[in-house]
Amino acid sequence: MKYKLVIFDMDGTILNTLEDLTDSVNYSMEKMNFPKHTLDEVRYFLGNGIAKLIERSLPKNTEKSIYEVELSEFTKYYKTHSAIKTAPYDGIKELLKKLKENGVITAVNTNKIESAAIDLCDDYFPALFDIIIGNKKDVPPKPAPDGIYEIIEKASELKNEKIQKKDIAYVGDSDVDLKTGINAGVNVIGVNWGFRGKDFLLKNGAQTVVMNTQELFDLCK
């Protein structure tokens, strides 16, 4: 295989979480009598974690105390409503199985809270990811490369060799993902099926965008 380690973003890359995230945003907005948002609006609020998601969902210059209430309401609601409409994108499970069959280490690097990311992977992709790194205390979120560095270290231990950056691909659907991979110095692959789409990714500097999971696997061979 071309790559020894393939790292995936979560929301918009392996899981279509947009409807559950939108419903949770609108639940928290409704609690405080703020306007609700459409799927397309929330689509462009995503990418930098839930703190930024709520900040972007609120009217400008909202007081910090109100923001904190909104964030708390969203977090509580999403914790029990994160898998109502969420589903894997077509072909993702099969892709992961083929990569693992070929000896590739598979990982997730997401701005979603790490415990939630682990739960979702357990629910939708049992035993298909070797390493899952999410948002956690004292680790800066994407596009900071820290999560990728942690994954490389753990993957090198699993492989019992130092995995070089040329042997790593980062797969994502947003400009945040592009920046994350570039900041880490690894190969970056954009996916058309996520929250942004091919045209957006190309305009934001993507060198490679795949249209489906078969194209992604062919790139990894």
Problem - Single-linkage hydrophobic cluster, 4.5 Å side-chain cutoff, Val186 and Val176 together - result: no

Taken to the nearest 0.5 Å, the spacing of Leu128 CG from Leu96 CG works out to 5.5 Å

**Study point:** Asp123, CG: over 12 other non-hydrogen atoms inside 6.0 angstrom
**Key:** yes

Quick check: does any side chain N or O of Tyr170 sit under 3.5 Å from a backbone N or O of Asn109, one acting as donor and the other as acceptor?
yes

Backbone N/O of Met10 and side chain of Thr13: donor-acceptor pair under 3.5 Å: no

The ring pair (Phe, Tyr, Trp, His ring centres under 6.0 Å) partners of Phe195 (sequence neighbours excluded) come to none

Taking C-beta and beyond as the side chain, do Lys98 and Gln214 meet within less than 4.5 Å on heavy atoms? yes

Exercise. Kindly say whether Val104 contributes a backbone atom to a donor-acceptor pair with the side chain of Asn102 at under 3.5 angstrom?
Key: no

The single option from Ile152, Leu158, Thr106 that satisfies side chain to side chain contact (heavy atoms under 4.5 Å, CB included) with Ile131 is Leu158

For residues 16-25, the side-chain hydrogen bond (donor to acceptor under 3.5 Å, both in side chains) pairs (sequence neighbours left out) are Asp11-Thr17, Asp20-Thr86, Asp23-Lys85

Closest non-hydrogen contact found for Glu215 with Val210 is OE1-CA, 3.5 Å

- Kindly check if the number of other-residue, nucleotide or ligand heavy atoms within 6.0 Å of NZ (Lys159) is above 12? yes

Here the gap from Ile113 atom CD1 to Ser82 atom OG, rounded to the nearest 0.5 Å, amounts to 10.5 Å

For Asn111 and Lys142, indicate whether the former's side chain and the latter's backbone hold a donor-acceptor pair under 3.5 Å.
yes

Correct closest heavy-atom pair for Ile54 and Ser28 would be CD1-OG, 4.3 Å

CG of Asp119 to CD of Glu114, rounded to nearest 0.5 Å, is 11.0 Å

Using modelled atom types and a 3.5 Å cut-off, is there a donor and acceptor pairing between side-chain atoms of Asp167 and backbone atoms of Leu5? no

Margin query: For a 4.5 angstrom cut-off between non-hydrogen side-chain atoms, does Ile92 reach Trp193?
Written below: yes

### Query
Do any N or O atoms from the side chain of Arg196 and from the backbone of Val191 form a donor-acceptor pair under 3.5 angstrom?
no

Of Leu15, Asp177, Ile132, Leu95, the one forming a side chain to side chain contact (heavy atoms under 4.5 Å, CB included) with Phe8 is Leu95

| said: Quick one, Tyr27 with His81, criterion side chain to side chain contact (heavy atoms under 4.5 Å, CB included). Give me CA distance, side-chain angles, the key distance, then yes/no. | reply: CA-CA 11 Å; Tyr27 171 84; His81 295 79; over 6 Å; no

Answer yes or no: is there a side-chain heavy-atom contact under 4.5 Å between Ile118 and Ser115?
no

key: Non-hydrogen side-chain atoms of Lys31 and Tyr77 separated by less than 4.5 Å   = no

Rounding to 0.5 Å, atoms CD1 (Ile189) and CG (Asp173) come to a distance of 13.5 Å

Interatomic distance, CE@Met32 vs CD1@Ile66, rounded to 0.5 Å, equals 5.0 Å

Side chain to side chain contact (heavy atoms under 4.5 Å, CB included) test vs Lys4 passes for just one of Gln164, Glu161, Lys166, namely Glu161

task = Using a cut-off of 6.0 Å, state whether more than 12 heavy atoms not belonging to Glu68 lie near its atom CD.
result = yes

Can you check whether Asp9 reaches Ser174 side chain to side chain, under 4.5 Å on heavy atoms? no

Which label fits Phe125 and Phe129: parallel for a plane angle under 30°, tilted from 30 to 60°, or perpendicular past 60°? perpendicular

Are any non-hydrogen side-chain atoms of Asn187 and Lys2 less than 4.5 angstrom apart? no

- Taking the side chain from Lys36 and the backbone from Glu30, do they hold a donor-acceptor pair closer than 3.5 Å? no

Using a 3.5 Å distance criterion without hydrogens, assess whether the side chain of Thr110 forms a donor-acceptor pair with backbone atoms of Gly134. no

_When you measure from the side chain of Asp146 to the backbone of Val139, do you find a donor-acceptor pair of N or O atoms at a distance under 3.5 Å?_
no

Name each donor-acceptor pair under 3.5 Å that joins a side chain in residues 44-53 to protein atoms two or more places apart or in another chain, with its distance.
from: Asn48; atom 1: OD1; to: Arg56; atom 2: NH1; distance (Å): 3.1
from: Asn48; atom 1: OD1; to: Arg56; atom 2: NH2; distance (Å): 2.9
from: Lys52; atom 1: NZ; to: Glu55; atom 2: OE2; distance (Å): 3.3

| field | Asp130/Lys154 ion pair, N-O < 4.0 Å | value | no

Rounded to the nearest 0.5 Å, the CD1 atom of Ile151 sits from the CD1 atom of Ile133 at a distance of 5.5 Å

